[in-house]
Amino acid sequence: MKKLIYLMIGDPKKVFTPFNLISGLIIVVGLVLIGLRLFKGLGAVTNLSQTTPWGLWIGFDVMTGVALAAGGYTIAATVHLFGLKNWEPLVRPAILTGLLGYILVVVGLVLDLGQPWRMPFIMLFPRGVTSVLFEVGMCVAAYLTVQVLEFVPAFWEWLGWDKVRRFWSRLTVWLAILGVVLSTLHQSSLGSLFLIAPTKLHPLWYSMYLPLFFFISSIVAGLSMVIVESALSHRLFAYRLSSSSHFDLDELTLGLGKAAAAVLYVYFFLKLIGLADGNHWDLLNTPYGHLYLLEIIGFVAVPCALYVFGVRTRNVKAVRIAGAWTVIGIIFNRFNVSMIAMNWQISPHYRPSWMEVTVSLALVTMGVWVFRWLVNRLPVMSTDKPAVGANTLKDLWAAEAENA
Amino acid sequence: MALLGANPAQAAEAAGVLGRDDTMGVLVDTTLCVGCRSCEGACNKVNGLPKPDRSFDDDSVLEEVRDTSPTAYTVVNKYTVGKGVEITRKQQCMHCVEPACSSACIIKAMEKRSNGAVTYRADLCLGCRYCMVACPFNVPKFEFSKASPLIKKCTFCFERQKQGEQPGCVEVCPVEALKFGRRSELIEEARKRIHDTPDAYVHHIYGEHEVGGTSWLYLASTPFENLGLPQLSEKDYPELTAGAMGTVPAVMLLWPALLMGFHYFSHGKDEAHEECSHRHDSR
């Protein structure tokens, strides 16, 4: 029994930590607000209006969430398709982060939809085939499934189902390919969504290259998120790393930084091509123009240079700072396209309410809790390390029998 | 190729076929409108909408520019143009020839009907509000204050039209500022009015070509942007995303083949390497 309690909540004495209390409070307030939204409508909680139908829950939960969850497909492709096996230890945490990210995207979307219970209609009555949103919906649903299938081996290992686990490994390459195909489609389509609003999105951001921008920047987002997330989790969950897994995270980080620098460099020039193609140079010296310059110089060119510096001087810390910087830059970009530069001519301009912000924060916090819970139990960081409760189901039953 | 690139309405015209261009429409002549708001009252009645706070005879409503709402599918606004010249204009759904909302809708709850109306399937809508993002006229309105909200907008009185009646607003207009008829004939009529009294009008029929054409057309004595109508290109909106959607099959076909190639290439390298080192060992 004691073991089972441990399995569920860990050491009961260690439950009430400052982190748990603060994050728990955010989650409780978030849940209350979610209840308010469900019973009183979107108007009771959000600052959305008839002229600003999409706000933070689309701009952050969906647009940014999907971009930041791109680590799963980028690392899976690196290891399983491009054969760079050294990065294998980073695959599982990246896939778990991605999977949880997409679950949050779906939860955010459910809260934002007027009739969320009709979500299955998209598949039951596939009528909207000309809709970019239809493509996004189908791809996200499919990719969510792919990510579950990519992550379950950790669960098979915990159950001790070796045969299933071995069979599953044959799917790895195919799942990685599906991941790349589906991600290419919906990462870019999140950008295509705004192509239908040429009069509403500021001309500096509106571009026929939006799908390409979104796709290329999702690769950067994925690589940078893996850099940041691996640095954090290898510090926080160091006890979950086995002594036998003697990979050098610094070396892997430098490799990722090199790749991120290259893709970010390409992305920067793509943005310049977009700027030239849009031919709105005159708008650069306006408040929105300054915001645009801040984005492509301050959050694309500068972190790119920092990545290059970090890789050249083998300065892992610089690479990690560049990673975090890029992640903030991606968030900034998605916010600009979906909220700040969107409906730019409408005043007063949309600002999220504190309730919208709290709900989004609560969702992320829940994601962190679930990540921690799973990492502490399943073989995510490495395959043979003491877990909360027990390493495998077999161990758990054995311990229970012993206690009895 | 030129024919393929053109929008369907133009293509149909070029081929001498009267297709969707021959659907029903309304010509709004703002030089005739007196701002009596009878159309608003009629719209409220035929759609069974809740009574507004201020009655439809209360002209003080015109002092501020209003927008349509979930409970008012049409509104008349007063615009002051130049020196004290006041022009009133009715606004409602334009019922585009190639509607952006319909092409954007995730489940095609917005449907282009054979008579030209763009109607809404309340039984399918997910409430994603992408139609609102897509519509260049900001027409679809969402019930933000309801727990089970839907989109609300002008229906072009689709049911009344089916029974051979005119839209409610057109029927009550006391000065015939609204004229209901075939779109092609309305365009002829508008051209005739401009030709007969060239000084009374800006020589442009708003909606003839904007966003690929709209069923509701406007005539005015002043540039249309003074009357709150946005300046829009002639490109129809579904085309804006059609290109991006067209790449889907290419991605789905090219990526797997290419990636499978990469996989075997990198894998093959490993095997070759292993074999090589194996030989080394045996030596």
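Residue numbers begin at 1 in each chain, while the letters A, B, ... track the order of the sequences.
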In terms of heavy-atom contacts, does [atom1] of [X] have more than 12 from other residues, nucleotides or ligands at under 6.0 Å?
X	atom1	value
B:Arg54	CZ	yes
B:Met260	CE	yes
B:Asp53	CG	no
A:Lys258	NZ	no
B:Glu225	CD	yes

Main-chain N/O of [Y] paired with [X] side-chain donor or acceptor, under 3.5 Å:
X	Y	value
A:Arg127	B:Ala109	no
B:Trp255	A:Leu178	no
B:Thr241	A:Ser131	no

Are the side chains of B:Leu124 and A:Arg118 in contact, using a 4.5 Å heavy-atom criterion?
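No, side chains not in contact.
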Quick check: do B:Met132 and A:Gln50 have side-chain heavy atoms less than 4.5 Å from each other?
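Yes; the side chains approach each other to less than 4.5 Å.
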Under 4.5 Å heavy-atom distance to chain B, tell me which part of [X] shows up: side chain, backbone, both or neither.
X	answer
A:Val173	side chain
A:Val129	backbone
A:Met208	neither
A:Ser188	neither
A:Leu193	both

If you count heavy-atom pairs under 4.5 Å between each of A:Leu195, A:Asn343, A:Leu81 and chain B, which one has the most?
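Most heavy-atom pairs within the cutoff with chain B belong to A:Leu81.
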Do you know which of A:Thr52, A:Asp112, A:Leu182 has the most heavy-atom pairs under 4.5 Å to chain B?
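The answer is A:Asp112.
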Specify the closest pair of heavy atoms between [X] and [Y], including all atoms of both residues, with the distance to one decimal.
X	Y	result
B:Ser148	A:Gln115	OG-NE2, 3.2 Å
A:Met342	B:Val133	CE-CG1, 3.7 Å
B:Asn138	A:Thr51	ND2-CG2, 4.1 Å

Measure distances from [X] to the heavy atoms of chain A and classify the residue's part below 4.5 Å as side chain, backbone, both or neither.
X	answer
B:Pro256	both
B:Ser103	both
B:Ala122	backbone
B:Lys146	backbone

N/O donor to acceptor pairs below 3.5 angstrom from side-chain atoms of residues 33-46 of chain A, sequence neighbours left out:
from: A:Arg37; atom 1: NE; to: A:Leu111; atom 2: O; distance (Å): 2.4
from: A:Arg37; atom 1: NH2; to: A:Leu111; atom 2: O; distance (Å): 3.1
from: A:Arg37; atom 1: NH2; to: A:Leu113; atom 2: O; distance (Å): 2.8
from: A:Thr46; atom 1: OG1; to: A:Leu42; atom 2: O; distance (Å): 2.7
from: A:Thr46; atom 1: OG1; to: A:Leu48; atom 2: N; distance (Å): 3.4

Under 3.5 Å, is there a donor on one side chain and an acceptor on the other for B:Lys108 and A:Thr130?
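Looking only at side-chain atoms, A:Thr130 and B:Lys108 do form a donor-acceptor pair, the distance falling under 3.5 Å.
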Please report the interatomic distance CZ(A:Phe134) to SG(B:Cys105), rounded to the nearest 0.5 Å.
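It comes to 11.0 Å.
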Students often mix this up, so state it plainly: with edges at 30° and 60°, are the rings of B:Phe262 and A:Phe82 parallel, tilted or perpendicular?
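The arrangement is perpendicular - the two ring planes meet at more than 60°.
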Side chain to side chain contact (heavy atoms under 4.5 Å, CB included), that's the test. Do A:Phe121 and B:Ile106 meet it? Break it down for me.
CA-CA 10 Å; A:Phe121 282 18; B:Ile106 193 166; over 6 Å; no
